[in-house]
2 protein chains.
Amino acid sequence: MRDEVALSIFGNNVRDLRNKRQISQEKLAELSDLDRTYISSVERGQRNVSILNIIKIAEALNVNINSLFEGIGGCDE
Amino acid sequence: MRDEVALSIFGNNVRDLRNKRQISQEKLAELSDLDRTYISSVERGQRNVSILNIIKIAEALNVNINSLFEGIGGCDE
DNA sequence: GTGTGACTATCAGTCCGTG
DNA sequence: ACACGGACTGATAGTCACA
């Protein structure tokens, strides 16, 4: 299952970028119009996030969608 | 709902890249281990594809995940 | 080779709470 | 501010027959 690995990488990217922006999970939840606990589980790689929410998160973090996928196969790493 | 717009762009990207590779939906379905009709609906923007399937499709098409998001806000367009 | 409607099991996403 | 749990509803994954 490299599925879980991919989700973990994605989650870590979200967390890293959020920390760089120095905002809390709660704030990110508010900005992306998602639930606080959902952001939490995404960051821990427990959710198979859908494209619409990926976009929401990217916009909330004000980053390219690309950067959320950094380190995942399929991107040029 | 620009949600549907995003899904349409994504679907069009899949279709364009598939056509460039000159493979059929059936072949892409086989390569990505997804259903033929599922690929069909994704290309027409009717599915909110999840990250795991995005990765599968990108790998099957042998492209960067980035290129699947071209034209969608959040990418540098 | 592709579009489409319909279907069921499973999951996304939210809300409640705890520590 | 965050991890983690249960429980809930609507949406999605994945498949089928038919056009």
Side-chain angles (χ1 to χ4, degrees), chain A residues 1-63 65 67-69 72-74, chain B residues 1-63 65 67-69 72-74:
Chain A
M1 334 308 243
R2 63 168 57 85
D3 279 0
E4 280 122 25
V5 178
L7 295 183
S8 284
I9 295 173
F10 180 84
N12 284 331
N13 288 341
V14 171
R15 173 161 297 176
D16 289 347
L17 290 164
R18 178 176 63 78
N19 285 332
K20 276 181 191 154
R21 303 278 161 182
Q22 291 188 309
I23 59 179
S24 65
Q25 288 181 348
E26 279 172 337
K27 185 64 180 172
L28 175 56
E30 181 193 323
L31 291 172
S32 59
D33 200 35
L34 292 168
D35 196 80
R36 196 195 92 252
T37 63
Y38 183 67
I39 297 290
S40 171
S41 56
V42 167
E43 288 191 355
R44 279 175 291 125
Q46 296 185 339
R47 297 282 183 156
N48 182 14
V49 193
S50 69
I51 180 172
L52 256 20
N53 284 346
I54 293 172
I55 294 171
K56 278 186 184 178
I57 292 171
E59 287 178 343
L61 287 171
N62 208 29
V63 297
I65 292 179
S67 45
L68 292 176
F69 287 96
I72 300 181
Chain B
M1 305 2 242
R2 62 171 59 83
D3 280 359
E4 281 122 24
V5 178
L7 295 183
S8 284
I9 295 173
F10 180 84
N12 284 332
N13 288 341
V14 171
R15 174 162 295 176
D16 289 347
L17 291 163
R18 177 176 64 77
N19 285 333
K20 276 181 191 156
R21 304 275 160 182
Q22 292 189 309
I23 59 179
S24 65
Q25 288 182 349
E26 280 174 333
K27 184 63 180 173
L28 175 55
E30 181 193 323
L31 291 172
S32 59
D33 200 35
L34 293 169
D35 195 81
R36 178 186 73 68
T37 63
Y38 183 67
I39 297 291
S40 171
S41 55
V42 168
E43 287 191 357
R44 277 171 297 118
Q46 295 187 338
R47 298 275 185 159
N48 181 13
V49 193
S50 70
I51 181 171
L52 257 20
N53 285 347
I54 292 172
I55 294 171
K56 278 187 185 177
I57 292 171
E59 287 178 343
L61 287 172
N62 208 29
V63 298
I65 292 178
S67 46
L68 292 177
F69 287 96
I72 299 181

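All of these numbers come straight from a predicted model, not from anything done at the bench. Chain A is the first sequence line, chain B the second, and so forth, proteins listed ahead of strands; every chain is numbered from 1.
Every residue meeting the side-chain contact (heavy atoms from CB on, under 4.5 Å) condition with Arg44(B), not counting sequence neighbours, appears here in chain and number order: Arg15(B), Ser40(B), Ser41(B), Gln46(B). Leu7(A) is linked by a side-chain contact (heavy atoms from CB on, under 4.5 Å) to Asn48(A), Ile51(B), Leu52(B), counting only residues two or more places apart in sequence or in another chain. Partners of Glu30(A) according to the salt bridge (charged side-chain N to carboxylate O under 4.0 Å, His left out) rule, which considers only residues two or more places apart in sequence or in another chain, are Lys27(A). A search for side chain to side chain donor-acceptor pair (under 3.5 Å) contacts involving Asn53(B) returns Tyr38(B), not counting sequence neighbours. Arg47(A) pairs by the salt bridge (charged side-chain N to carboxylate O under 4.0 Å, His left out) definition with nothing, not counting sequence neighbours. In this structure Leu17(B) satisfies the side-chain contact (heavy atoms from CB on, under 4.5 Å) test together with Leu61(B), Val63(B), Ser67(B), Leu68(B), sequence neighbours excluded.
The CG atom of Leu7(B) sits 12 Å away from the C1' atom of dT12(D) (whole-angstrom rounding). Distance Lys56(B) NZ to dA13(D) P: 11 Å, rounded to the nearest Å. Atom CZ of Arg47(B) is separated from atom C1' of dA13(D) by 6 Å (rounded to the nearest Å). Atom CG in Asp35(B) sits about 14 Å away from atom C1' in dT12(D), given to the nearest Å. Nucleotide dA12(C) holds its P atom 17 Å from the CG atom of Asp3(B), rounded to whole Å. When the P atom of dG14(D) is taken as reference, atom CG of Leu28(B) falls 14 Å away, rounded to whole Å. Taking atom CD1 of residue Ile57(B) and atom C1' of nucleotide dA13(D), one finds them 12 Å apart after rounding to whole Å. Rounded to whole Å, atom P of dA13(D) lies 8 Å from atom CG of Asn48(A).
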Dump the pairs, protein N or O against N or O of nucleotides 2-6 of chain D, anything under 3.5 Å, distances to one decimal.
unit_1 : atom_1 : unit_2   : atom_2 : d
dC2(D) : OP1    : Arg18(A) : NH1    : 3.0
dC2(D) : OP2    : Gln25(A) : N      : 2.6
dA3(D) : OP1    : Arg15(A) : NH1    : 3.4
dA3(D) : OP1    : Arg15(A) : NH2    : 2.6
dA3(D) : OP2    : Gln25(A) : OE1    : 3.2
dA3(D) : OP2    : Gln25(A) : NE2    : 2.6
dA3(D) : OP2    : Ser40(A) : OG     : 3.1
dA3(D) : N6     : Arg36(A) : NH2    : 3.2
dC4(D) : OP2    : Arg44(A) : NE     : 3.4
dC4(D) : OP2    : Arg44(A) : NH1    : 2.6

**Asked** Just the dot-bracket of DNA chain D, please: which string comes out with Watson-Crick or G-U pairs under 3.5 Å, [ ] for crossing, | for another strand?
**Response** .||||||||||||||||||
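Residue Ala6(B) comes nearest to Ile72(B) through the heavy atom pair O-CD1, 3.6 Å, listed as atom of the first residue, atom of the second, then distance. In terms of heavy atoms, Gln25(B) sits closest to Arg36(B) at OE1-O, 4.4 Å.
Between Leu52(A) and Ile39(B), the residue anchored nearer the 5' end of DNA chain C, judged by the nucleotide with its closest heavy atom, is Ile39(B).
Within 4.0 Å of Asp33(A), counting heavy atoms only, lie sugar-phosphate atoms of the nucleic acid but no base atom.
For residues 8-32 of chain A, every residue pair satisfying the ring pair (Phe, Tyr, Trp, His ring centres under 6.0 Å) rule, not counting sequence neighbours, is listed here: Phe10(A)-Phe69(A).
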